[in-house]
Undergrad: 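Before I ask anything, here is the structure I am working with.
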Amino acid sequence: MNLWNAIVIGFKEIWAHKFRSVLTMLGIILGVSSLVAMSAMVKGIEIGAKEALVAIGGLQKIRIEAQKVPIYQRYLTDQAVGVTLNDVYALQSSAPLAALVSPEMRLYGATVSANGKTYRPWVCTGVWPVAIEMYEHVVEHGRMFNEIDDEMARSVCVIGTEVRDEIFGSPQQVGHEIIPLGETININGQSLTIIGMFQHYENEQDRKQRELALQQAEPNKTGPARSRGWGTTSQNWAFKLKNASVLIPLNTIWIKFRAGGTAGPGGWGATVAAADPRLSVLEVKVAEVEHLNAALQQIRNVLMSTHKGIEDFYFRTQEEWAENIDTFVRNARMSGSIIAGISLLVGGIGIMNIMLASISGRIREIGIRKAVGAGTGAVFIQILVESVVIAVVGGLAGLAGSYALVRSMSSFSPTGNDPVITVTAMAIAFGFSVCIGILAGLIPAFKAARLDPIVALRYE
Amino acid sequence: MSLVELRNVSKIYHLGGEEIRALDNVSLDIESGEFISIIGPSGSGKSTLMHILGCLDSPTSGTIKLDGTMIQGASPRELARIRNRKIGFVFQFFNLLPKLNVLQNVELPMVYSGVSARERHERAVAALKMVDLENRSKHRPSQLSGGQQQRVAIARALVNSPKIIFADEPTGNLDTNTGEAILQLFCKLSREGSTVILVTHDPEIAAVTPRRIEIRDGKIAEKVDARLAGLDRVARTF
């Protein structure tokens, strides 16, 4: 008996017991589809998390922040100068591994007012023009301020789309995009001219949803106009942060606002009255992420010299974030795989159970087949093929089911990251289901093949 | 050379420490083309003899030669091959596969001998023609009468042109008239040159065969070469 005959008999056997076969397959179907769907979800989360990591500058970015003088140097506190522009010049001249150096003075608790509206941006910060590369900003309208604007401390600013949305109205509200170039806004009483606006930053998922919303009719929002809060937006905070920022030349913010240093005693949101010439943050980008450790060492050496050995600064990198993403993805994938794998295993046990029941119901048939000349191998292969056919059909149905599952999952919770079905996951799930089918068929096939034809023929 | 040669064949079962000699030192020759009946009461060992002759079972001791091949000590796989090519079985309870139609049932032995689908079909139709059932080929066994089912089983036994056809109480489940018709079919096969062995407990049925082997307590108690009596009976029937 060749394999093709065995496969045909296997299909006939499944067809003869449709309901039972579907029930048997259900375990495999659910196992495969949950394995694929789980992997798709984790992949979606991974992609979303990495998008956000790239949006804030990626792994190459090192942030240097001021910190309290360590206890063993406490007596030197009055000599600690903090992170200043001196450090920036020193790094530029002495730390070749630091490709970009971007000083930043923040205006905490800034309030933007114009057009009869007020808005508190998430970030209102004085920077050098290099910040545009540091934060991977893209100026879509107008221009970024340049070195001359900075040198002259001109009253100009570049804003994110969120600021525009809140002050002048968003495209969704007014129906067309407002480009507020040349408009004057007030920040804490100082007038600044908008000379540029960034593009709207969002992740793939949000972009798709926004485009979908444009096509569909506006949902029925009744009652007075109001902010509907954060809950309904799935906007990633990294993108939100970039959209809700106002960039001002470093000199301007120092001369006009006397801003700088770390957050005041009231923390974030409290207006700092006292002038503070220190930098809030110093961002450094290394050319190659492989040289991160060497670059850190170099930067530390330079800063230790400018700070006269007082360690009143520390480094913050995105390594942990990236590692956290990897760890999370690995953990989620592993726990998901274990659960889905167990359900596949249960499906396999279901197949074995049914095959065992099936052969005890077919002892006489096996006896007859043996009497007319079916060898041990032929019977073995027939039962094994039947089991594999169930698993293969179940596996294919499971792959189809995984599409449905993923689609229904993303329609039930559209705020999450869009699940991404990968071919690898499908191949692994399908291969696993076939292996399960083979394993589940082995024992029943062995039992059937070993039946004594005389006993089997007499079996009632 | 005989078609089948049994020499000093014994089959011993052990049941709860008790030794049961189902066959005790049996020697037997069967020539090609013979029409034989094996008779004996239940428990006499006739089924064991048929199983050993039919390659369904191996003896505990002794030698069997079938069509020039020694088959004692053959592996289950080789036995299956011999059953497939050289032996046809007809059972008391027909033993057709209920899920297959008549044609597929007849094709079954050829599935295991690797015959192509087209040839399987042709040979199965030819075999069904021999038992006058070619117009029932798409029926399920359950849609046929007992006699028809037994004829399908005979067609299945014939389809691989075996050396020997074994019939184990072939009329045991049929009424007298149908049983008679089935017996006539075996007589016809015998006249056409097949080697047919009838296993029965009924001396009346055994009377149709020229040679009768009576078995009692695992021994061939009597070898009745009743050619004349048998021929009388055949002459009377036809």
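Order of the sequence lines fixes the chain letters, A, B, ..., with proteins taken first and strands second; residue numbering starts at 1 for each chain.
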Undergrad: Are there over 12 heavy-atom neighbours, none belonging to B:His139, within less than 6.0 Å of that residue's NE2?
TA: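 Yes.
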Undergrad: Less than 4.5 Å apart, side chain to side chain, heavy atoms only: is that true for A:Lys12 and B:Lys99?
TA: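 No - every pair of side-chain heavy atoms lies 4.5 Å or more apart.
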Undergrad: With a 4.5 angstrom heavy-atom cut-off, is it the side chain or the backbone of B:Leu96 that approaches chain A, or both, or neither?
TA: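 For B:Leu96, the backbone is the part near chain A, not the side chain.
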Undergrad: So do A:Arg369 and B:Leu97 actually touch side chain to side chain, heavy atoms under 4.5 Å?
TA: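 Answer yes - side chains close enough.
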Undergrad: So with a 6.0 Å cut-off around CG of B:Asp217, is the heavy-atom count from everything else above 12?
TA: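 12 or below, so no.
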Undergrad: May I ask you to list the residues in residues 51-60 of chain B that approach chain A closer than 4.5 angstrom, counting heavy atoms only, ordered by number?
TA: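 Listed by number, the contacting residues are B:His51, B:Leu56, B:Asp57.
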Undergrad: I'd like to know if the side chain of B:Asn95 reaches the main chain of A:Ile368, judged simply by a donor and an acceptor atom lying under 3.5 Å from each other, with no hydrogens or angles considered.
TA: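 No; judged by distance alone, with no hydrogens or angles, the pair does not exist.
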Undergrad: Run the ring pair (Phe, Tyr, Trp, His ring centres under 6.0 Å) test against B:Phe91 and tell me which residues pass, sequence neighbours left out.
TA: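 Listed in chain order: B:Phe89.
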Undergrad: Taking all atoms of both residues into account, what is the closest heavy-atom pair of B:Ala80 and A:Ala374, and its distance?
TA: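 B:Ala80 and A:Ala374 have their closest heavy atoms at CB-O, 3.7 Å.
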Undergrad: Does atom CD of B:Glu18 have more than 12 heavy-atom neighbours from other groups under 6.0 Å away?
TA: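 Incorrect, the count does not exceed 12.
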Undergrad: Give a yes or no on whether the backbone of A:Thr376 and the side-chain of B:Arg77 come within a donor-acceptor separation of less than 3.5 Å.
TA: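 No, B:Arg77 side chain to A:Thr376 backbone: no donor-acceptor pair under 3.5 Å.
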Undergrad: Quick check on B:Gln92 against chain A: is it the side chain, the backbone, both or neither that has a heavy atom closer than 4.5 Å?
TA: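 For B:Gln92, there is no contact with chain A at all, as no heavy atom is under 4.5 Å.
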Undergrad: Side chain from CB out, backbone as N, CA, C, O: work out which of these in B:Arg85 comes under 4.5 Å of a heavy atom of chain A, or both, or neither.
TA: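 Contact with chain A is absent: no heavy atom of B:Arg85 under 4.5 Å.
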Undergrad: Show every donor-acceptor pair shorter than 3.5 Å between a side-chain atom in residues 432-452 of chain A and any protein atom, with sequence neighbours excluded, or say none if there are none.
TA:
unit_1, atom_1, unit_2, atom_2, d
A:Ser433, OG, A:Phe430, O, 2.7
A:Asp452, OD1, A:Ile454, N, 3.2

Undergrad: Does any heavy atom of chain A fall under 4.5 Å from the side chain of B:Ser47, the backbone, both, or neither of them?
TA: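 When you check distances to chain A, only side chain atoms of B:Ser47 fall under 4.5 Å.
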Undergrad: Going by heavy atoms in the side chains, are A:Arg364 and B:Phe93 under 4.5 Å from each other?
TA: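 Side chain of A:Arg364 against side chain of B:Phe93, heavy atoms only: contact under 4.5 Å found.
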Undergrad: Give me each pair satisfying ring pair (Phe, Tyr, Trp, His ring centres under 6.0 Å) with a member in residues 12-32 of chain A, each pair once, sequence neighbours excluded.
TA: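 As it turns out, there is no ring pair (Phe, Tyr, Trp, His ring centres under 6.0 Å) pair with a partner in residues 12-32 of chain A once direct neighbours are skipped.
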